[in-house]
Amino acid sequence: MDSKNDCLSKKQSEPIPGVLYLVGTPIGNLGDFSPRARHLLSNVSVIACEDTRYSRQLLEKFQIKAKLVSFHKFNTYERIPKLLKLLNQNEIIALITDAGLPNISDPGEELVSATIAAGHKVICIPGPCAATTALVASGLPTKRFAFEGFLPSKAKERKSILKIISQEERTTIIYESPHKLLKLLEELSVVCGKERPLQVARELTKLHEEQVGSTIDEVFRHFSENKPRGEFTLVLGGSQKNIAKTSDLDLIKKIKYLRESGLSTSNAIKVIAGETECSKNYLYSLIHEKNINNS
Ligand code: SAM
């Protein structure tokens, strides 16, 4: 059987009794609700969701009929034993949230760990997630990144997280609500400096989807003039302060060394660009400038 048929048969044999499924739902655009997610949700015993009225509306649009039970941060610990009991009886449970992937700044974490601890399988049916959607469209480095979700509101905790974020070398993703956006931008500007790269994704996947950048200062000025409305994900460039700058001389030495070790020029440049903050174009310009044989 080829791999494509493997996938089809997996889909047909889903859902599996006694499994907890985490199912991604759209973050705005209903076209992103996958056929696999819809098939799964049409065939489970129970769907646990944050707000039953909200999720019922989504499911009715897709003619999905299932028993809904509420599962949110205020009833998590009361619900878990009941859901585990259903799994023990070989029932199939799906967990969805109002939008996106469960367990990403949304309920799920405690249920997933309790399910695994009780010896049941957890399967994720992937779907849209605002964090990764914003990240990949931001133009900022994606090789390594950190996710902070919503920052804490208590002053002391918030101050210490903001300090950590300001020193973070990786790209950082932050969720924020519209009425707190300007305050967060002001705070980021103080700890990271006005010129730190920032890309803000607004209303991802929706009609008025928008990207605003490219520094904290520019984003602040934009949203001071245009009242923030809708949903926002911030993608903040990493701190460059702690990254040791490699001198041109060391870069040249490294290129020569890698070439003598058998790498082509382009592969040597690829390796060094991956290890340092230097672009491939910059490294090629060094080779030209220093007149190193470009073979
Ligand atoms: N679980 C969701 C996910 O996978 O992305 C996140 C849920 S969290 C409660 C909601 C926050 O995600 C919003 O306040 C906003 O910061 C971000 N978000 C959700 N949908 C978005 C969208 N369409 N555009 C931009 N940000 C969005």
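Each ligand, and each atom within it, is numbered from 1 in the order the structure gives. Only this structure's heavy atoms are used, side chains among them; waters, hydrogens and symmetry mates stay out.
With His120 as reference, Asn88 is the one residue of Thr115, Asn88, Asn90 to meet the side chain to side chain donor-acceptor pair (under 3.5 Å) rule. Evaluated for a side chain to side chain contact (heavy atoms under 4.5 Å, CB included) with Cys49, the options Leu95, Leu59, Thr25, Ile96 yield exactly one hit, Ile96. The residue from Leu58, Ile47, Ile125 that alone fulfils the side chain to side chain contact (heavy atoms under 4.5 Å, CB included) condition with Leu41 is Ile47. Of the listed residues (Leu181, Thr172, Ile173), just one forms a side chain to side chain contact (heavy atoms under 4.5 Å, CB included) with Leu234, and that residue is Leu181.
Looking at atom 18 (N) of ligand 1, its nearest protein heavy atom turns out to be Ala130 CB, 3.4 Å. If you check which protein heavy atom lies closest to atom 24 (N) of ligand 1, you get Leu204 N, 2.9 Å. Annotation: atom 20 (N) of ligand 1 to nearest protein heavy atom, Glu231 OE1, 3.4 Å. When only non-hydrogen protein atoms are considered, atom 26 (N) of ligand 1 lies nearest to Thr233 OG1, 2.9 Å. Asp106 OD2, 3.4 Å is the protein heavy atom nearest to atom 7 (C) of ligand 1. From the protein, the heavy atom lying nearest to atom 10 (C) of ligand 1 is Phe150 CZ, 4.0 Å. In terms of protein heavy-atom proximity, atom 4 (O) of ligand 1 is nearest to Leu101 N, 2.9 Å.
Ser105 approaches Gly149 most closely through the heavy-atom pair OG-CA, 3.7 Å. Among all heavy-atom pairs drawn from Thr233 and Ala131, the shortest one is CG2-CA, 4.3 Å. Between Phe145 and Thr142 the shortest heavy-atom distance is CD2-O, 3.5 Å. Closest approach of Leu135 and Pro141 over heavy atoms only: CD1-O, 4.2 Å.
By the 4.0 Å heavy-atom criterion, Ser177 is excluded from the residues contacting ligand 1. Note on ligand 1: Gly28 sits outside its first shell, no heavy atom being nearer than 4.0 Å. Judged by the shortest distance from any of its heavy atoms, Ile104 lies inside the 4.0 Å radius around the atoms of ligand 1.
Surrounding CZ of Phe150 are more than 12 heavy atoms belonging to other residues, nucleotides or ligands, all under 6.0 Å away. For Lys163, the NZ atom is loosely surrounded, since the number of other residues' heavy atoms within 6.0 Å does not exceed 12.
Distances below 4.0 Å separate heavy atoms of Ala99 from the following atoms of ligand 1: 1 (N), 2 (C). Taking every heavy atom of Gly100 and a limit of under 4.0 angstrom, the matching atoms of ligand 1 come to 3 (C), 4 (O). Ligand-side atoms of ligand 1 in range of Ala201: 25 (C), range being under 4.0 angstrom from any heavy atom. With ligand atoms numbered from 1 in the order given, ligand 1 contributes 4 (O), 5 (O) to contacts under 4.0 Å with heavy atoms of Cys129. Listed by number with element, the atoms of ligand 1 under 4.0 Å from a non-hydrogen atom of Lys206 are 23 (N). Counting atoms of ligand 1 from 1 in the listed order, those under 4.0 Å from a heavy atom of Glu176 are 16 (O).
Of the polar atoms of Ile27, at least one N or O is found under 3.5 Å from an N or O of ligand 1, judged by distance alone. The shortest N or O to N or O distance between Tyr175 and ligand 1 is under 3.5 Å.
Ile165 CD1 to Arg170 CZ: the interatomic distance, rounded to the nearest 0.5 Å, is 11.5 Å.
Contacts of Pro102 with ligand 1, taken as heavy-atom pairs under 4.0 Å, are absent altogether. The backbone of Phe232, and not its side chain, has at least one atom closer than 4.0 Å to an atom of ligand 1 (non-hydrogen atoms only; backbone = N, CA, C, O).
For Asp217 and Arg221, the salt-bridge test passes: some basic side-chain N is under 4.0 Å from an acidic carboxylate O.
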